[in-house]
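To find a chain, count down the sequence lines: A is the first, B the second, and so on, and within it residues start at 1. Note that the structure is a prediction, hence the values are computed from the model and not measured.
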2 protein chains.
Amino acid sequence: MTIEDSTQVAVERSNSIKASKSHSSTQLTTSSSNATIYDVASRAGVSIATVSRVLNGYSQMKPTTRDLVVAAMRDLRFVPNNSARGLSSGTKMVLGMVFLHAEAIDPGLEVEDDTLLFTDAVIRGAEEEASKNGYALLLGGVGNARLTETLDRMYSNCDGVILLDRTVPDRSVPTIAKRLPTVLLAGNGKSRSAATIRVDNEEPMKQLANHLISVHGYQNIAFMAGIRTSPDSIARENSFREEVAHLGGAVEVDRLWESSYTTSGAIAAVEARLKIDRAMPQAIVCANDQSAVGVIYALEHHGFKVPQDVAVTGFDDISLSRRITPSLTTVRQPFQELGKAAVDVLIKICQGEIRGGAGSRVLPTKVIYRSSCGCTDVTESRVEKFMRGRG
Amino acid sequence: MTIEDSTQVAVERSNSIKASKSHSSTQLTTSSSNATIYDVASRAGVSIATVSRVLNGYSQMKPTTRDLVVAAMRDLRFVPNNSARGLSSGTKMVLGMVFLHAEAIDPGLEVEDDTLLFTDAVIRGAEEEASKNGYALLLGGVGNARLTETLDRMYSNCDGVILLDRTVPDRSVPTIAKRLPTVLLAGNGKSRSAATIRVDNEEPMKQLANHLISVHGYQNIAFMAGIRTSPDSIARENSFREEVAHLGGAVEVDRLWESSYTTSGAIAAVEARLKIDRAMPQAIVCANDQSAVGVIYALEHHGFKVPQDVAVTGFDDISLSRRITPSLTTVRQPFQELGKAAVDVLIKICQGEIRGGAGSRVLPTKVIYRSSCGCTDVTESRVEKFMRGRG
DNA sequence: TTGTAAGCGTTATCAC
DNA sequence: GTGATAACGCTTACAA
């Protein structure tokens with residue numbers, strides 16, 4: 001390429017630039033289209049490179065020049081086009097969050113209002129953390145068989161992606177992680193290809209086992225699983241069983257004890273169990289609060305008193321667990337913090353501060369002792385319960 | 001510009017193209033970077049224009065050519081770069097949803113778990129409808145004083161935006177709508193610059209007034225507002241007052257009756273009212289369920305029986321309203337449908353099918369009569385209540 | 001029916 | 001400290 005060629009090209013681009021400039025300016029008067037850095041540059045009497053520098057907080061600039069540009073930006077209400085930035089720089093400042101639609105969580109069953117509490121809270125936490133760091137959060141709900149499209153949407157729009165538990169089969173994770181920085185939320189923590197953020201399921205379940213056996217003296221206990229393939233459910237059940245065995249108690253083994261994590265699922269499970277055997281265990285430990293509520297409802301319906309006849313515990317500490325009678329002994333899990341932690345780690349991975357596998361974190365949980373386990377119920381009104389339960 | 005100039009430019013660009021091609025291919029072997037249309041084109045032995053046509057479903061193509069391209073895309077696991085598409089076509093296939101963070105909804109007050117139920121459900125509905133139509137949903141949470149950044153993020157990333165009630169001051173809406181197709185969700189419906197999607201607040205409140213006065217014979221009634229500036233709260237209160245006046249009843253007027261839409265706010269309001277006057281109205285109609293729950297708690301705490309001494313009604317039909325004792329008479333509002341409708345309208349506006357103001361919609365609501373208004377409580381167990389309340 | 005190449009609005013690499 | 005311009009990956013006239 002000769003100098004002349006180069007010059008020709010320059011002329012050419014100058015022409016298009018001019019065209020572009022006047023075009024934008026014209027449209028501004030009209031309505032929708034936005035000002036570009038060309039508009040800002042010409043108004044400030046500088047080159048687009050200078051405008052770009054201001055945009056990106058480049059430090060070695062003459063303050064007066066910067067002020068000029070900033071003023072022009074303000075006057076034109078300039079907002080940079082993120083598609084262009086993304087194309088040019090390769091970073092889109094957008095993170096993706098892939099989750100399961102209700103229909104996909106519990107196919108065939110009617111969806112309960114509370115089924116997605118977990119998802120909702122995580123999303124909010126994630127959004128807050130993302131926006132605090134200048135990132136936007138893109139939602140990717142996965143319904144029946146829409147996984148591919150959703151993932152593609154993530155690939156084409158995001159710098160990184162958070163996958164909620166069970167949205168993606170384990171074997172696909174490495175493929176995804178190869179394309180995009182990936183964080184797993186509440187998975188089994190066994191992926192070597194992506195960081196996993198999860199809560200401590202083990203410790204509180206051991207505490208609970210200890211409490212039920214040592215404090216209340218229960219011997220026969222059942223564990224109501226959520227979904228048998230769910231890592232959280234599995235972890236909770238295993239830790240609980242281990243500790244009970246360790247303490248010489250017994251946990252009933254029966255495939256009936258599975259709730260789909262839902263109230264109605266738990267009701268159905270208890271009723272199925274009653275058909276086989278009218279005798280109930282002394283305590284039923286549930287993989288989540290929704291199903292604990294179902295267990296309480298069903299027991300009551302069939303003449304059992306909770307906790308006098310059967311004790312019940314949950315996991316999550318959703319707001320209902322403080323409002324139900326008897327109030328629910330459960331494990332508090334920091335939903336929003338999960339979302340925040342996932343974003344935090346994901347951003348670090350995107351920025352190359354840490355490498356994929358190294359970002360895993362386990363967030364602490366806390367057993368909350370209320371009435372349903374047999375601990376004395378303070379006789380207080382619902383107002384008092386409610387006020388005390390906050391925060 | 002002469003022909004020669006044009007040719008020079010062509011040569012120049014060809015060079016860059018070649019560079020680009022090999023670059024991409026190299027990286028593919030490594031890991032993260034994706035194939036581009038150049039890679040697909042060269043593998044399929046066609047031009048990038050042809051690849052683009054396949055990508056965009058252009059119909060007048062030789063089927064064999066299309067197959068060739070499709071195969072190449074599959075082989076390379078090609079996913080188009082949406083930044084490039086957005087930059088080139090001006091359409092990003094991304095919609096924005098702007099909502100209030102909890103801290104901003106109720107500053108100074110601790111956040112209740114259920115405060116964001118409405119937001120969460122709307123977001124889910126919106127995401128589902130968006131993804132069904134090939135759009136992604138970008139979240140823009142607005143905390144304290146972060147409105148500008150959030151809006152800028154919407155401007156730079158989205159084709160259109162949904163603004164939830166009270167995220168943005170009324171006067172800013174025209175400015176936003178001028179930049180971006182805009183849909184207001186649950187606003188006052190008075191904006192001429194943007195379509196508004198809301199629920200029917202008027203009809204159910206009239207029905208409720210009728211029911212309380214004609215069926216139960218209540219004469220003295222209070223209305224517990226949510227937030228006094230909230231369009232929904234205002235609309236509900238006005239319709240209710242009108243109908244009560246029409247029927248010759250009386251609605252207590254006192255600024256004390258305001259709950260911030262929260263349970264704790266309602267408790268505080270009732271207690272403040274009790275300090276002034278121990279006599280309660282015969283019925284308290286609330287702007288939402290959360291506050292109705294607070295009213296029930298507070299009344300009970302101070303020795304009033306609901307509904308025998310005081311009847312209480314809500315609005316929303318959150319899941320708690322079926323579980324609380326007494327079960328809550330309320331108005332069912334289609335949360336998810338709101339989100340879906342907003343997206344549906346927004347997409348139509350983006351695609352030029354309808355113009356801004358013309359897209360407004362009012363979704364139907366339905367009064368659900370339960371026990372808290374004084375209607376006979378069917379003596380059923382919580383299981384039965386729960387099962388009946390579903391769907 | 002397909003190919004060529006301009007253009008989208010940025011960033012970033014060189015020069016000066 | 002600032003300016004010129006190539007490059008990012010795609011869409012879309014326009015040509016063939």
Side-chain angles (χ1 to χ4, degrees), chain A residues 1 5-21 23-24 33-41 44-56 58-66 68-69 78-93 156, chain B residues 1 5-21 23-24 33-41 44-66 68-69 78-92 156:
Chain A
M1 186 168 84
D5 285 347
S6 159
T7 307
Q8 306 289 10
V9 173
V11 170
E12 177 58 16
R13 291 199 65 86
S14 290
N15 285 339
S16 29
I17 286 163
K18 263 190 207 140
S20 155
K21 246 192 335 190
H23 175 72
S24 277
S33 194
N34 297 328
T36 72
I37 50 172
Y38 288 102
D39 300 314
V40 175
V46 299
S47 75
I48 61 162
T50 299
V51 177
S52 179
R53 285 184 190 111
V54 172
L55 219 44
N56 293 289
Y58 181 69
S59 54
Q60 328 225 24
M61 286 188 63
K62 207 158 99 186
T64 55
T65 310
R66 176 188 304 279
L68 228 48
V69 173
F78 169 75
V79 178
N81 178 325
N82 211 40
S83 292
R85 294 186 106 169
L87 217 211
S88 181
S89 72
T91 24
K92 307 171 167 72
M93 299 303 283
S156 61
Chain B
M1 183 170 83
D5 286 347
S6 159
T7 308
Q8 306 289 8
V9 175
V11 170
E12 178 59 17
R13 292 197 65 86
S14 290
N15 284 340
S16 29
I17 285 162
K18 261 187 208 143
S20 155
K21 246 190 338 190
H23 175 73
S24 278
S33 194
N34 298 326
T36 72
I37 50 172
Y38 289 102
D39 301 314
V40 175
V46 299
S47 74
I48 60 163
T50 299
V51 176
S52 178
R53 286 185 189 109
V54 172
L55 218 46
N56 294 289
Y58 182 68
S59 54
Q60 327 225 24
M61 285 187 63
K62 207 158 100 186
T64 55
T65 310
R66 176 188 304 278
L68 227 51
V69 173
F78 168 75
V79 178
N81 177 324
N82 211 40
S83 292
R85 291 186 107 167
L87 180 56
S88 180
S89 71
T91 338
K92 308 171 165 75
S156 61

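The nearest whole Å value for the distance from the CD1 atom in B:Ile48 to the C1' atom in C:dC8 is 13 Å. Remark: P of D:dC10 and CZ of B:Arg85 are 8 Å apart, rounded to the nearest angstrom. Rounded to whole Å, the distance from CG on A:Leu68 to P on D:dG1 is 16 Å. Taking atom CZ of B:Arg66 as the reference point, atom C1' of C:dT2 lies 13 Å away to the nearest angstrom. For the pair A:Tyr58 OH and C:dT10 P, the computed distance is 20 Å after rounding to whole Å. Rounded to an integer number of Å, the gap from OH of B:Tyr38 to P of C:dA5 is 11 Å. Across the protein-nucleic acid pair, B:Leu87 atom CG and C:dC8 atom C1' stand 4 Å apart, rounded to whole Å. Taking atom CG of residue B:Asn82 and atom P of nucleotide D:dC8, one finds them 19 Å apart after rounding to whole Å.
In this structure, the side chain of B:Arg66 does not engage the main chain of B:Arg53 through any donor-acceptor pair within 3.5 Å. In this structure, the side chain of A:Asn81 does not engage the main chain of A:Thr36 through any donor-acceptor pair within 3.5 Å. When atom types are taken as modelled, the side chain of B:Ser89 and the backbone of B:Arg85 share a donor-acceptor pair closer than 3.5 angstrom.
Contact check, B:Asn56 against D:dT11: a side-chain N or O comes under 4.0 Å of OP1 or OP2. Residue A:Ser47 places at least one side-chain N or O closer than 4.0 Å to OP1 or OP2 of D:dG3. Note on B:Thr50: a side-chain N or O is less than 4.0 Å away from OP1 or OP2 of C:dG3. Close to D:dT11, at under 4.0 Å from its OP1 or OP2, lies a side-chain N or O of B:Ser52.
Ranking C:dG9, D:dG1, D:dT5 by closeness to the A:Gln60 side chain, first place goes to D:dG1. Taking every side-chain heavy atom of B:Ala49 into account, C:dG3 is the closest of C:dA12, C:dG3, D:dC10.
At a threshold of 4.0 angstrom between heavy atoms, the contacts of B:Val46 are confined to the sugar-phosphate backbone, with no base atom among them.
Comparing B:Arg53 and B:Pro80 against DNA chain D, the residue whose closest nucleotide sits nearer the 5' end is B:Pro80. Nearest-nucleotide positions on DNA chain C place B:Thr64 closer to the 5' end than the other of B:Ser89 and B:Thr64.
For B:Ser88 and C:dG7, a side-chain-to-base donor-acceptor distance below 3.5 Å is present, hydrogens and geometry of angles not being considered.
Of all heavy-atom pairs between B:Pro80 and A:Ser156, the closest is O-CB, 2.9 Å.
A distance of 11.5 Å separates CG of B:Asp39 from CD1 of B:Ile48, quoted to the nearest 0.5 Å.
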